[in-house]
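Here the structure is a predicted model, which means the values were calculated and not measured.
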Amino acid sequence: MSVSDDQPHTRTRLPAGEQPVGPQAPGFRRLRLLGGVFVVVFLLVVAVAVINRTSGTPAASTGPKSNDAGPPASTAPTTPTGTDPVTTTSNGIGVHYPHTPEGAQSAAANYSVALGSSDMYATQPRHAIVSTVADPAAITQLNNRFDASYDAEANQLGLTNGKAPAGLTFVSRTVPVGTKTDSFTADAATIEVWNTSVGGLAGQGSKRPITEYWYTLTLKLNWSGGDWKVADFSQVDGPTPISGAQTASSYGDMENAVNQFGGFRYAR
């Protein structure tokens, strides 16, 4: 650690223009010089000891102090843990997550992406997603709930088996902003996922232009078959930030973005 200018300094000032009064023997002058050096060294050692005790780090260290590395993991719940992300997929969805709180959060984040995707608006791919992410004991009731909600929304959008009307591009994409563990045991976990999403129809004459939406999805997960699987879910609006002052992009730019930018797999 470098000593800053505001730290106390002790200096021994030897006036260069003054001479000793009266004649002095050479040995005495050398003894006086050695004594002065000893005093300076002693004062420097004391100053270094005081600085070390104050800062808690060696004075010679020029690297960052330990508390410069950021808050501990317990105060930063979405900080990466360094654990390798999941690499196994089924129906394009990450599976086989670690049997840990971080593994449950990774599963919840990736499942929220799948459950908010455009594939959920067509029956066959929707059922494939549910069969991938759900606890086998919950597949039937989850399919019933998702069928009712997504079929109704698809009708409002004018979709046919998940496809947009001619000349329009359908968009539904979810992006997790963060995750939080509400409860965790070896057999079950409740994870909240704060999401933002974009959805609507891109194209000239669209009556449902692409808009953003913020919500929190709570997933109840069971440890089933060596993986975290969805047993139940609930959803509430927000937290929603104030919209920025950016100008909305044209329908062509939005259509190109949807077709050109791929999504991500999320892991802690």
Side-chain angles (χ1 to χ4, degrees), residues 89-94 108-134 138-179 192-220 230 232-266:
T89 63
S90 176
N91 291 319
I93 305 168
N110 285 299
Y111 293 167
S112 71
V113 172
L115 294 172
S117 68
S118 57
D119 286 340
M120 290 291 290
Y121 289 80
T123 303
Q124 186 173 347
R126 177 169 65 242
H127 287 179
I129 290 173
V130 173
S131 67
T132 301
V133 307
I139 288 178
T140 299
Q141 65 98 358
L142 289 176
N143 273 332
N144 291 337
R145 292 175 65 185
F146 286 130
D147 286 348
S149 60
Y150 277 102
D151 284 347
E153 180 67 15
N155 289 333
Q156 292 181 12
L157 290 166
L159 305 179
T160 301
N161 198 27
K163 303 297 183 182
L168 300 177
T169 299
F170 174 55
V171 181
S172 180
R173 187 174 295 189
T174 294
V175 179
V177 178
T179 58
E192 291 185 50
V193 188
W194 181 29
N195 292 310
T196 184
S197 67
V198 291
L201 295 170
Q204 189 170 12
S206 171
K207 296 181 180 180
R208 294 288 296 271
I210 297 175
T211 56
E212 65 177 345
Y213 177 65
W214 292 80
Y215 66 99
T216 298
L217 178 68
T218 300
L219 294 177
K220 293 186 177 180
V230 178
D232 199 2
F233 74 94
S234 61
Q235 179 178 314
V236 296
D237 292 346
T240 305
I242 296 174
S243 180
Q246 293 176 287
T247 302
S249 299
S250 68
Y251 68 84
D253 288 341
M254 292 302 302
E255 184 177 10
N256 290 335
V258 171
N259 293 327
Q260 293 174 5
F261 290 89
F264 294 97
R265 187 173 303 147
Y266 296 84

- Item | Candidate list Ser117, Ser118, Ser197, test side chain to side chain contact (heavy atoms under 4.5 Å, CB included), partner Ser172, passing option |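 Of the listed options, the one satisfying the test is Ser118.
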Inter-residue atom distance [X].[atom1] - [Y].[atom2], 0.5 Å rounding:
X      : Y      : atom1 : atom2 : answer
Leu115 : Leu217 : CG    : CG    : 7.0 Å
Asn110 : Thr174 : CG    : OG1   : 12.0 Å
Arg126 : Leu142 : CZ    : CG    : 12.0 Å
His127 : Met120 : NE2   : CE    : 8.5 Å

- Sequence neighbours excluded - salt bridge (Lys or Arg N to Asp or Glu O under 4.0 Å) pairs with any residue from residues 110-122: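 Qualifying pairs, neighbours excluded: none.
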If every non-hydrogen atom of [X] is compared with every non-hydrogen atom of [Y], which pair is closest and at what distance?
X      : Y      : result
Ala109 : Val193 : N-CG2, 4.2 Å
Asn195 : Ser112 : OD1-OG, 3.5 Å
Ala134 : Ile139 : CB-CG1, 3.8 Å

With sequence neighbours excluded, what pairs up with [X] under the side chain to side chain donor-acceptor pair (under 3.5 Å) test?
X      : value
Asp253 : Ser250
Asp237 : Tyr213
Thr132 : Asn91
Ser206 : none

- Item | Test log, rule side-chain contact (heavy atoms from CB on, under 4.5 Å), inputs Thr196 and Tyr215 | CA-CA 6 Å; Thr196 184; Tyr215 66 99; over 6 Å; no
- Go through the steps to decide whether Ile129 and Ile93 satisfy the test side-chain contact (heavy atoms from CB on, under 4.5 Å), and finish with yes or no. CA-CA 8 Å; Ile129 290 173; Ile93 305 168; 4.0 Å; yes
- Message: Can you list everything that forms a salt bridge (charged side-chain N to carboxylate O under 4.0 Å, His left out) with Arg145? Sequence neighbours excluded, please.
- Response: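 In terms of salt bridge (charged side-chain N to carboxylate O under 4.0 Å, His left out), with neighbours along the sequence ignored, Arg145 is linked to Asp232.
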Side-chain atoms of residues 254-263: list all donor-acceptor pairs with protein atoms under 3.5 Å, sequence neighbours left out, distances to 0.1 Å.
from   : atom 1 : to     : atom 2 : distance (Å)
Glu255 : OE2    : Thr169 : OG1    : 2.7
Asn256 : ND2    : Gly252 : O      : 3.2
Asn259 : ND2    : Glu255 : O      : 3.1

- Task: Kindly write out the residues that satisfy ring pair (Phe, Tyr, Trp, His ring centres under 6.0 Å) with Tyr121, not counting sequence neighbours, or none if the list is empty.
- Result: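 So Tyr121 forms a ring pair (Phe, Tyr, Trp, His ring centres under 6.0 Å) with Tyr150, Phe170.
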In a table with atom names and distances, give each donor-acceptor pair under 3.5 Å that connects a side chain of residues 153-163 to protein atoms at least two apart or in another chain.
from   : atom 1 : to     : atom 2 : distance (Å)
Glu153 : OE2    : Arg208 : NH2    : 3.0
Asn155 : ND2    : Asp151 : O      : 3.2

Is there side-chain contact between [X] and [Y], with heavy atoms separated by less than 4.5 Å?
X      : Y      : result
Phe233 : Phe146 : yes
Glu192 : Leu219 : no
Lys220 : Ser234 : no

- In chain order, what residues pass the side chain to side chain contact (heavy atoms under 4.5 Å, CB included) check against Pro239, with sequence neighbours excluded?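 With neighbours one apart ignored, the set is Trp194, Thr216.
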